[in-house]
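The structure appears right after this line, and notes come after that.
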Amino acid sequence: MIKFEKFTLENGLTVIVHEDKSTPIVAFNILYDVGARDEDESKTGFAHLFEHLMFGGSSNIPNFDSPLQHAGGSSNAFTSNDVTNYYDTLPVQNLETAFWLESDRLNKLAFTDKSLEVQRSVVIEEFKQNYLNQPYGDVWLLLRPLAYKDHPYKWATIGKEIKHIEDATMEDVKTFFYKHYTPQNGILCVAGNVTFEQVKELSQKWFGPIETREKYVRELPVEPKQTELRKLEVERDVPSDALYMTFHMASRMDKRFYLADMLSDLLSRGKSSRFTKRLVLEKHLFTELDAFILGSSDSGLFVVSGKPKEGVSLEEAYAEVRLELEILQKELVTEYELQKIKNKIESVNVFGEMSVLNKAMNLCSYELLGDAGMINQQMDNYTGITPSDLQEEAMEIFKEENCSVLFYKARK
């Protein structure tokens, strides 16, 4: 049981406090309810660009990392299609340094031509290095628009194309910042050897004076139900062929989300999983084969990805994966196999709760979903799942017309 308390400042910032006396380190995590899905389709990549710009300094502090490092701390961030998350870890006695730095860049981010040009160059280089010039790097640039036709999940976090970042103006940047980086769009969690009153006092001191800005209301198109199998074939200069399959699945807040999560574990978590045991170790059809889900706030994707062994065609590899998925549709999972997966999920959850930073991140995430208290109910979502539940979900998700397939061929 993870205990916490929370309060909301007058400007709308939600603050969560988790006291953990066992660690000398404090985690300071602030999540903003903005991701790539909130971008204009003609100006993509802005959420990720802002992750970089937020480290470019504020009006009062030209270098964000330097004061934090002097205080014995470190920082980082990540952007997804749904959120942007910033986190700092530092000795508990220097906690106020994190409050000072994070509140200042929310209040007075430095909009300088130099900062924009530097971070623009960094993001463009990242786009080229990780997505265009790296083997298999463009997979999600291909898969997302194949699977999604209307919803903004159809572009990757990095953006649809480099030109959108190249053309970003200072006015574009300011508009995005003031639209999404508001106190009421943020959730802060401080976890470590702290007290509720200490965090409340520091929150009021540093974040309290920041003015409330207009609240952004999200109105996104709903992805229509997929009604036919979609296929795409490309050739690239890569070492070997690769197979990618996506299936539409339930959103993060739907109870069916946990069924899909368990199905992915059943197929590929551990050496005794079905994909690994049958298609990698017994039939020797793949060198690697994985199944995983995207924990998306809106309707997400169940993904299968693998590399067939040399001499195995992508068509044969696809057919063998389909056979395994059809077994899940036709036959009930054994109670033994189901319990084994539940045990693995429970152990992952328990180990995840050992990290003070993980707890801070998860508390923010669950609060955004509706209630931080859901962090203590996660196993409840799995324990009641039955073999029949999994079979029904497999029949729904793994319909062939719900599938988008990418044959990623190595150029001969």
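Only a predicted model underlies this, so the values are computations on that prediction, with no experimental measurement involved.
Side-chain atoms of E39 and W155 form a donor-acceptor pair, as typed in the model, at a separation below 3.5 Å.
Rounding to the nearest 0.5 Å places CZ of F398 at 10.0 Å from CE of M249. Distance check, rounded to the nearest 0.5 Å: CD1 of I165 to CG of D167 gives 9.5 Å. If you take CE on M1 and CD on Q377, they are separated by 8.5 Å, rounding to the nearest 0.5 Å. From S58, atom OG reaches atom CZ of F64 across 9.0 Å, with rounding to the nearest 0.5 Å.
Between F111 and Y178, the ring planes are tilted. Angles from 30° to 60° get that label.
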Test ring-ring contact (aromatic ring centres under 6.0 Å, His included) applied to H18 and F4, step by step: CA-CA 5 Å; H18 167 63; F4 65 90; 8.3 Å; no
Take K160 and S42, measure what side-chain hydrogen bond (donor to acceptor under 3.5 Å, both in side chains) needs, and give me the verdict at the end. CA-CA 9 Å; K160 286 180 72 172; S42 63; over 6 Å; no
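Evaluation of the ring pair (Phe, Tyr, Trp, His ring centres under 6.0 Å) rule for Y318 yields no partner, not counting sequence neighbours. In this view, T276 and S273, L281 satisfy the side chain to side chain contact (heavy atoms under 4.5 Å, CB included) rule, not counting sequence neighbours.
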Side-chain donor/acceptor pairs under 3.5 Å, residues 136-147, sequence neighbours excluded:
from	atom 1	to	atom 2	distance (Å)
Y136	OH	S240	N	3.2
Y136	OH	S240	O	2.7
Y136	OH	S240	OG	3.3
D138	OD1	Y408	OH	2.6
D138	OD2	R236	NE	2.9
D138	OD2	R236	NH2	3.0
R144	NH1	Y153	O	2.9
R144	NH2	N81	OD1	3.2

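Contact annotation: the side chain of E211 never approaches that of N11 to less than 4.5 Å [non-hydrogen atoms, C-beta and beyond]. Side-chain contact between L328 and L390 is absent, with no heavy-atom pair separated by less than 4.5 Å. The closest side-chain heavy-atom distance from Q378 to Y258 is below 4.5 Å.
Across Y87, F99, Y86, a single residue satisfies ring-ring contact (aromatic ring centres under 6.0 Å, His included) together with F28, and that is F99. Exactly one residue among T79, V123, V173 makes a side chain to side chain contact (heavy atoms under 4.5 Å, CB included) with F50. That residue is V173.
Summarising the local packing, NZ of K215 is surrounded by more than 12 heavy atoms from other residues, nucleotides or ligands at distances under 6.0 Å.
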